Trainee: 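Following this message is one structure expressed as C-alpha cells.
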Amino acid sequence: MFLPSFQLENKVAVVTGAGRGIGRALAIGLAEAGAQVALLARTEQDIINVAREINSIGAKAYPIVTDVTNRDEVNQSIAKIIETTGTIDILINNAGMNIRSQALDVTDVEWHKIMDTNLKSAFIMSQEVGTFMKKHGTGGKIINISSVAGHVALRTGVVYAATKAAMIQMTKVLALEWGQYGINVNSIGPWYFKTPLTEKLLQDEKYVDDILAVTPLKRIGELEELVGPTVFLASAAGNYITGQTLFVDGGMTIQGF
Ligand SMILES: NC(=O)C1=CN([C@@H]2O[C@H](COP(=O)(O)OP(=O)(O)OC[C@H]3O[C@@H](n4cnc5c(N)ncnc54)[C@H](O)[C@@H]3O)[C@@H](O)[C@H]2O)C=CC1
Ligand SMILES: C[C@H](O)[C@@H]1OC(=O)[C@H](O)[C@@H]1O
C-alpha cells in the first residue's frame, strides 16, 4: 500500500491566532482531520466560539487565552495543554499582524509590535513546544505561516516582509537542528486570502485588480485551499518533508514577464 494517511486521529495540535481568519480555518480543518486542537489567542470570545464550532463536529478543542509574544503565558498554556491531553504533536505558528507603511515612516513601536507578533511569537512557541517534543521522544510537526511577502517584494510593509522572510529561514534552521528528534519544521506561504487582516484591502476593486494581474490563477484563494496543504504537512503524508516553504499563492511567486 503506497497511500499514506492524511488523518490526524489521536493527534494534539496547537494553533496560535486561532480566533479568526486563517487560524480559525486551520484549527477547524485540523479537527475535521481528527485532531484535538488547542486554540491560543488573546481574544477569549473568539476562541470560545471556534471551540464550539469544533465541538459541533464531535471533536475536542481547548480555548486558552494567551498572548503568544509573552514567554510566561506561552509556558503556562503549553503546560495546561500537556496536563490536559498528555502531548503536543502539531504546532501551527499562525498569529501575525501588519502595519502597512513606507519604510521611512516606520516607528520603533511599530517595528517591535510587528517583530514580536509575527516572529518572536513563532520562535518562543517553537522553542517551548520543541523542548517538549525532544524530551517526549515522539517527534512532531511544526508549521509556520509565513507569506509570499517573505519571498518577493510587496508594497505592504518592509517590517512585515522581514518577519516573514525570517520565518522562512528560521524554518530551515530549526528543521536542520531538530530533524534528529523526528521533528519536521515547514512553512506555508500564502498570497491573499480574505480575512479580517485583509478585508479592507480586498474591498478596493483597483487593489484586487492589481492582485489578480500578478496571479496566474486569476482569483483570491479560499481558506480551505490553505487547510489542505497544512493538513498534508501535519500528517504522515508529509513525514519526509522538512525545512520547506510551500507557497499557496495561485502561482503569484512564479509570475515573471
Ligand atoms: N490573510 C492573508 O491574506 C495572509 C495572511 N498571512 C499570515 O497568516 C496569518 C494569519 O493571518 P490572518 O488570519 O489574515 O490575520 P487575522 O488578523 O485575521 O488573525 C490574526 C490572529 O492572530 C491573533 N493574534 C495577534 N496577535 C496575537 C498575540 N500577541 N497573541 C495571540 N494571538 C494573536 C489575532 O487575535 C487573530 O486571531 C498571519 O501570520 C499573516 O501574516 C500571510 C499571507 C496572507
Ligand atoms: C500577502 C501578505 O501577507 C498580505 O499583505 C498584506 O497587506 C496583509 O498584511 C497580508 O498579510
Side-chain angles (χ1 to χ4, degrees), residues 14-29 38-51 63-74 76-77 92-102 110 112-125 143-168 170-171 187-204 207-208 210-211 214-215 219-223 225-227 229-230 245-250 252-253:
V14 181
V15 181
T16 69
R20 65 180 191 223
I22 290 172
R24 168 181 168 270
L26 297 181
I28 294 171
L39 311 165
L40 273 53
R42 294 165 305 176
T43 49
E44 183 170 31
Q45 195 53 56
D46 286 350
I47 51 180
I48 288 171
N49 294 342
V50 175
I64 308 173
V65 175
T66 315
D67 175 351
V68 292
T69 66
N70 180 307
R71 172 100 53 183
D72 289 343
E73 291 193 31
V74 166
Q76 286 161 25
S77 299
I92 310 290
N93 285 312
N94 165 78
M97 61 89 71
N98 194 11
I99 302 167
R100 300 180 193 94
S101 55
Q102 296 293 302
E110 290 170 345
H112 288 294
K113 176 79 176 158
I114 303 168
M115 279 286 170
D116 286 356
T117 305
N118 296 8
L119 186 60
K120 179 186 168 188
S121 70
F123 183 62
I124 63 177
M125 283 296 300
I143 298 167
N144 297 314
I145 306 301
S146 57
S147 166
V148 298
H151 185 65
V152 292
L154 300 188
R155 54 182 143 164
T156 55
V158 62
V159 180
Y160 177 87
T163 65
K164 295 305 184 177
M167 276 190 111
I168 290 170
M170 182 177 79
T171 296
S187 160
I188 292 271
W191 182 209
Y192 274 104
F193 286 80
K194 195 177 288 180
T195 70
L197 179 72
T198 58
E199 206 166 356
K200 286 193 177 57
L201 280 179
L202 299 181
Q203 285 165 358
D204 177 337
Y207 198 83
V208 173
D210 289 351
I211 292 171
V214 295
T215 307
R219 63 180 177 82
I220 303 283
E222 300 295 333
L223 286 174
E225 292 170 325
L226 274 178
V227 172
T230 302
T245 291
L246 181 53
F247 290 107
V248 184
D249 66 353
M252 180 267 191
T253 49

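Being a predicted model, the structure only gives us computed values, none of them experimental. Start at 1 and go down the list; that is how both ligands and their atoms are numbered.
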Trainee: Let me have the donor-acceptor pairs involving side chains of residues 193-200, under 3.5 Å, with sequence neighbours excluded, atom names and distances please.
Mentor:
residue, atom, partner, partner atom, Å
T195, OG1, L197, N, 3.1
T198, OG1, F193, O, 2.7
T198, OG1, T195, N, 3.1
T198, OG1, T195, O, 3.4

Trainee: Of the non-hydrogen atoms in N98 and T156, which two are nearest, and what is the gap between them?
Mentor: ND2-O, 2.7 Å
Trainee: Heavy-atom contacts with ligand 2 below 4.0 Å: which residues, ordered by chain and residue number?
Mentor: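 Within the 4.0 Å shell of ligand 2, which is judged on heavy atoms, sit N98, R100, S147, L154, T156, Y160, W191, Y192, L197, T198, L201.
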Trainee: Is the shortest side-chain heavy-atom distance between L223 and I22 below 4.5 Å?
Mentor: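 Yes, at least one pair of side-chain atoms sits under 4.5 Å.
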Trainee: At under 4.0 Å between heavy atoms, is it the side chain or the backbone of T66 that contacts ligand 1, or both, or neither?
Mentor: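 Answer for T66: backbone.
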Trainee: Looking only at protein heavy atoms, which one is nearest to atom 35 (O) of ligand 1, and how far off is it?
Mentor: T43 OG1, 4.0 Å
Trainee: For atom 24 (N) of ligand 1, which candidate among A95, G23, A122, A25 provides the closest heavy atom?
Mentor: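 Checking each option, the heavy atom nearest atom 24 (N) of ligand 1 is found in A95.
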Trainee: Answer yes or no: does an N/O atom from T69 fall short of 3.5 Å to an N/O atom of ligand 1?
Mentor: no
Trainee: Assess the residue pair Q76 and D72 against the criterion (side chain to side chain donor-acceptor pair (under 3.5 Å)); give the C-alpha distance rounded to whole Å, side-chain angles, the decisive distance to 0.1 Å, and a yes or no.
Mentor: CA-CA 6 Å; Q76 286 161 25; D72 289 343; 5.7 Å; no
Trainee: Between A41 and G17, what is the shortest heavy-atom contact and its length?
Mentor: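 Here A41 and G17 meet closest at CB-CA, 4.3 Å.
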Trainee: What residue and atom, counting heavy atoms only, is the protein's closest point to atom 15 (O) of ligand 1, and at what distance?
Mentor: L197 CB, 3.4 Å
Trainee: Do you know which two heavy atoms are closest between G19 and R24, and how far apart they sit?
Mentor: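 Smallest heavy-atom distance, with atoms named: C-CB, 4.2 Å.
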Trainee: I'd like to know whether T69 forms a side chain to side chain donor-acceptor pair (under 3.5 Å) with D116, so could you lay out the CA-CA distance, the side-chain angles of the two residues, the decisive distance to 0.1 Å, and finally the verdict.
Mentor: CA-CA 6 Å; T69 66; D116 286 356; 5.7 Å; no
Trainee: Among all protein heavy atoms, pick the one closest to atom 12 (P) of ligand 1 and tell me residue, atom and distance.
Mentor: T195 OG1, 3.6 Å
Trainee: Return the residue, atom name and 0.1 Å-rounded distance of the protein heavy atom closest to atom 9 (C) of ligand 1.
Mentor: N94 O, 3.1 Å
Trainee: Between atom OG1 of T66 and atom CD of E44, what is the distance when rounded to the nearest 0.5 Å?
Mentor: 10.5 Å
Trainee: If we only count N/O pairs under 3.5 Å, is Y192 in contact with ligand 1?
Mentor: no
Trainee: Among all protein heavy atoms in this structure, tell me which lies nearest to atom 44 (C) of ligand 1, with the distance rounded to 0.1 Å.
Mentor: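 Of the protein heavy atoms, W191 O, 3.2 Å lies nearest.
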Trainee: Which atoms of ligand 1 sit under 4.0 Å from any heavy atom of G19?
Mentor: 37 (O)
Trainee: State, to 0.1 Å, how close A25 and V227 come at their nearest heavy-atom pair, and which atoms those are.
Mentor: O-CG2, 3.5 Å
Trainee: Check if S146 has a non-hydrogen atom at a distance under 4.0 Å from any atom of ligand 1.
Mentor: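 The answer is yes, since S146 has a heavy atom less than 4.0 Å from ligand 1.
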Trainee: Short N/O distance, under 3.5 Å, between T117 and ligand 1?
Mentor: no
Trainee: Taking distance alone, with N or O pairs closer than 3.5 Å, would you say I22 contacts ligand 1?
Mentor: yes
Trainee: What atoms in ligand 1 come closer than 4.0 Å to a heavy atom of F193?
Mentor: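 So the answer, numbered in order with elements, is 1 (N), 2 (C), 3 (O).
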Trainee: Is Q102 atom CD crowded by more than 12 heavy atoms from other residues, nucleotides or ligands, each under 6.0 Å away?
Mentor: no
Trainee: I need the full list of side chain to side chain donor-acceptor pair (under 3.5 Å) pairs touching residues 144-153, with sequence neighbours left out, sorted by first then second residue.
Mentor: N93-N144, N144-T171, S146-S187
Trainee: So, for V148 and G189, which heavy atoms are closest and what is the spacing to 0.1 Å?
Mentor: CG1-O, 3.9 Å
Trainee: Applying a strict 4.0 Å limit to heavy atoms, is A41 in contact with ligand 1?
Mentor: yes
Trainee: Short N/O distance, under 3.5 Å, between P190 and ligand 1?
Mentor: no
Trainee: What are the atoms of ligand 1, with element, lying closer than 4.0 Å to any heavy atom of G96?
Mentor: 20 (C), 22 (O), 38 (C), 39 (O)
Trainee: Would you mind checking which non-hydrogen protein atom is closest to atom 22 (O) of ligand 1, with the distance to 0.1 Å?
Mentor: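 Among all protein heavy atoms, the one nearest atom 22 (O) of ligand 1 is G17 CA, 3.4 Å.
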Trainee: Mind checking what makes ring pair (Phe, Tyr, Trp, His ring centres under 6.0 Å) contact with F123, not counting sequence neighbours?
Mentor: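 Not a single residue meets the ring pair (Phe, Tyr, Trp, His ring centres under 6.0 Å) criterion with F123.
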Trainee: Nearest 0.5 Å please: distance from the OG1 atom of T230 over to the CD1 atom of I145.
Mentor: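 Separation between the atoms: 5.0 Å.
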Trainee: For the residue pair G23 and V15, what are the closest heavy atoms and their distance?
Mentor: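 Reported closest heavy-atom pair: O-CG1, 3.7 Å.
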Trainee: Among T253, T215, D249, whose side chain to side chain donor-acceptor pair (under 3.5 Å) with W191 holds?
Mentor: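 Testing each of T253, T215, D249 against W191, the sole residue satisfying side chain to side chain donor-acceptor pair (under 3.5 Å) is T215.
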Trainee: Look up atom CG in L119 and atom CD1 in I124, then write down how far apart they are to the nearest 0.5 Å.
Mentor: 10.5 Å
Trainee: Report, in ascending order of atom number, the atoms of ligand 1 lying under 4.0 Å from any heavy atom of P196.
Mentor: 18 (O)
Trainee: Of all the heavy atoms in R42, does at least one lie under 4.0 Å from an atom in ligand 1?
Mentor: yes
Trainee: At less than 4.0 angstrom from any non-hydrogen atom of K164, what atoms of ligand 1 do you find?
Mentor: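 Atoms satisfying the 4.0 Å criterion: 38 (C), 39 (O), 40 (C), 41 (O).
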Trainee: Do any nitrogen or oxygen atoms of G21 lie less than 3.5 angstrom from nitrogen or oxygen atoms of ligand 1?
Mentor: no
Trainee: At less than 4.0 angstrom from any non-hydrogen atom of R20, what atoms of ligand 1 do you find?
Mentor: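 Ligand 1 atoms under the 4.0 Å threshold to R20: 16 (P), 17 (O), 18 (O), 19 (O), 36 (C), 37 (O).
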Trainee: Got a second to check how far S77's OG is from L39's CG, nearest 0.5 Å?
Mentor: 11.5 Å
Trainee: Evaluate D67 for polar contact with ligand 1, using N/O atom pairs at a separation under 3.5 Å.
Mentor: yes
Trainee: To the nearest 0.1 Å, how far is atom 30 (N) of ligand 1 from its closest protein heavy atom, and which atom is that?
Mentor: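 Of every protein heavy atom, V68 N, 3.0 Å lies nearest to atom 30 (N) of ligand 1.
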Trainee: Once you restrict to heavy atoms under 4.0 Å, what part of Y160 touches ligand 1? Side chain, backbone, both or neither.
Mentor: side chain
Trainee: Could you tell me if the side chain of V14 sits less than 4.5 Å from the side chain of I92, heavy atoms only?
Mentor: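 Not in contact.
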Trainee: Of all the heavy atoms in I145, does at least one lie under 4.0 Å from an atom in ligand 1?
Mentor: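 Under 4.0 Å: yes for I145.
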Trainee: For ligand 1, which atoms sit closer than 4.0 Å to a heavy atom of T198?
Mentor: 1 (N), 2 (C), 3 (O)
Trainee: From L226 CG over to I188 CD1, what is the distance, rounded to the nearest 0.5 angstrom?
Mentor: 7.0 Å
Trainee: Would you say ligand 1 has an N or O under 3.5 Å from any N or O of S147?
Mentor: no
